[in-house]
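In what follows, a structure is listed as structure tokens, so that the remarks can point back to it.
Every heavy atom of this structure was used, including side-chain atoms; hydrogens, water molecules and symmetry mates were not.
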Amino acid sequence: MKKLVEGIAQNLVMRQATLATAESCTGGGIAKALTELPGSSVWYQGGVVSYSNSLKQKLLCVTTASLENYGAVSEQVAREMVEAVAKIASSDFAVSTTGIAGPDGGSVDKPVGTVCFGFFVKGKPWQKPKCFPVGVQKCVKRP
């Protein structure tokens with residue numbers, strides 16, 4: 001993980017760019033990994049951990065319609081989360097995660113371990129978020 005973060009940091013510093021995160025199922029794990037690298041305050045703006053739907057709505061402006069029509073674990077919610085955190089942080093890049101960490105809460109359509117990622121790149125056309133099963137151990141590390 002350290003090598004990955006170092007690579008992200010080098011690319012952001014080279015571009016004089018910033019990054020923000022909006023996390024749900026990862027519970028702040030991405031922010032923790034990023035801020036463990038000395039000097040991360042140069043390129044990491046910060047993040048929002050919105051585990052509950054009410055915080056997704058209050059802090060990240062996720063709409064009630066999206067939650068009702070698509071569910072918290074959806075491409076639509078990942079998109080709303082990432083767009084909001086990018087705007088809040090005035091960042092060049094942003095990433096969001098929303099998923100089903102388990103051990104329960106899954107369904108046939110969205111089994112435990114399904115995670116949706118949203119990506120924001122300032123000035124670029126929108127890239128559709130992706131949802132796919134990644135495995136619970138990759139979503140949230142439990143003690």
Side-chain angles (χ1 to χ4, degrees), residues 1-13 15-37 40-143:
M1 179 64 80
K2 185 177 177 184
K3 293 273 189 212
L4 176 63
V5 173
E6 287 173 346
I8 291 168
Q10 288 172 354
N11 278 291
L12 289 169
V13 168
R15 290 176 170 78
Q16 297 181 327
T18 57
L19 173 68
T21 57
E23 300 180 67
S24 184
C25 67
T26 47
I30 296 171
K32 181 180 186 312
L34 296 174
T35 57
E36 284 180 338
L37 185 68
S40 59
S41 61
V42 170
W43 49 268
Y44 182 59
Q45 296 289 79
V48 174
V49 177
S50 56
Y51 213 68
S52 70
N53 287 347
S54 64
L55 277 185
K56 285 177 183 66
Q57 292 177 294
K58 289 176 187 174
L59 299 178
L60 297 171
C61 302
V62 171
T63 65
T64 300
S66 291
L67 290 168
E68 289 176 357
N69 294 329
Y70 305 103
V73 180
S74 64
E75 294 171 357
Q76 182 62 31
V77 169
R79 178 180 182 159
E80 290 177 23
M81 289 172 64
V82 79
E83 288 177 341
V85 80
K87 183 176 181 181
I88 290 165
S90 298
S91 62
D92 302 297
F93 297 90
V95 64
S96 67
T97 60
T98 182
I100 304 168
D104 51 14
S107 67
V108 173
D109 292 335
K110 297 177 187 175
V112 169
T114 299
V115 178
C116 297
F117 298 88
F119 301 97
F120 173 88
V121 178
K122 190 173 187 174
K124 298 286 183 186
W126 175 251
Q127 295 295 315
K128 186 176 180 184
K130 302 294 181 196
C131 293
F132 49 89
V134 295
V136 176
Q137 70 280 5
K138 292 183 182 176
C139 183
V140 174
K141 290 186 178 178
R142 303 218 184 248

Just verifying a value: how many Å separate L67 CG and S54 OG, rounded to the nearest 0.5 Å? 10.0 Å

Using the salt bridge (Lys or Arg N to Asp or Glu O under 4.0 Å) rule, collect all pairs that involve residues 55-66, keeping only residues at least two apart or in two chains. none

Does the side chain of Y44 reach to within under 4.5 Å of the side chain of L12, using non-hydrogen atoms? no

Which atom names give the shortest non-hydrogen contact between M81 and S50, and what distance separates them? CE-OG, 3.9 Å

Roughly how far, to the nearest 0.5 Å, is the OG1 atom of T64 from the CD atom of Q57? 4.0 Å

V82 side chain near F119 side chain, heavy-atom distance below 4.5 Å: no

What is the minimum heavy-atom distance between A86 and F120, and which atoms define it? CB-CD2, 3.4 Å

Tell me the side-chain hydrogen bond (donor to acceptor under 3.5 Å, both in side chains) pairs involving residues 92-106, sequence neighbours left out? T18-D92, T26-T97

Where is the tightest heavy-atom contact between A20 and Q45, given as atom of each residue plus distance? CB-CB, 4.4 Å

Step-by-step salt bridge (Lys or Arg N to Asp or Glu O under 4.0 Å) determination, K32 to E36: CA-CA 6 Å; K32 181 180 186 312; E36 284 180 338; 2.4 Å; yes

CD1 on I8 to OG on S40, rounded to 0.5 Å: 12.0 Å

Interatomic distance, I30 atom CD1 to T35 atom OG1 [nearest 0.5 angstrom]: 11.5 Å

Roughly how far, to the nearest 0.5 Å, is CG of N11 from CZ of F93? 8.5 Å

For F117 against A78, the heavy-atom pair lying closest together: C-CB, 4.0 Å

Under a 4.5 Å cut-off applied to non-hydrogen side-chain atoms, are L60 and I88 in contact? yes

Would you say the side chain of S74 lies within less than 4.5 Å of the side chain of K110, judging by non-hydrogen atoms? yes

Of the non-hydrogen atoms in G71 and V77, which two are nearest, and what is the gap between them? O-CG2, 3.3 Å

Between T21 and A31, which heavy-atom pair has the shortest distance, and what is it? OG1-CB, 4.3 Å

Within the 3.5 Å criterion, strictly below it, is a donor on S66 or E80 matched to an acceptor on the partner's side chain? yes

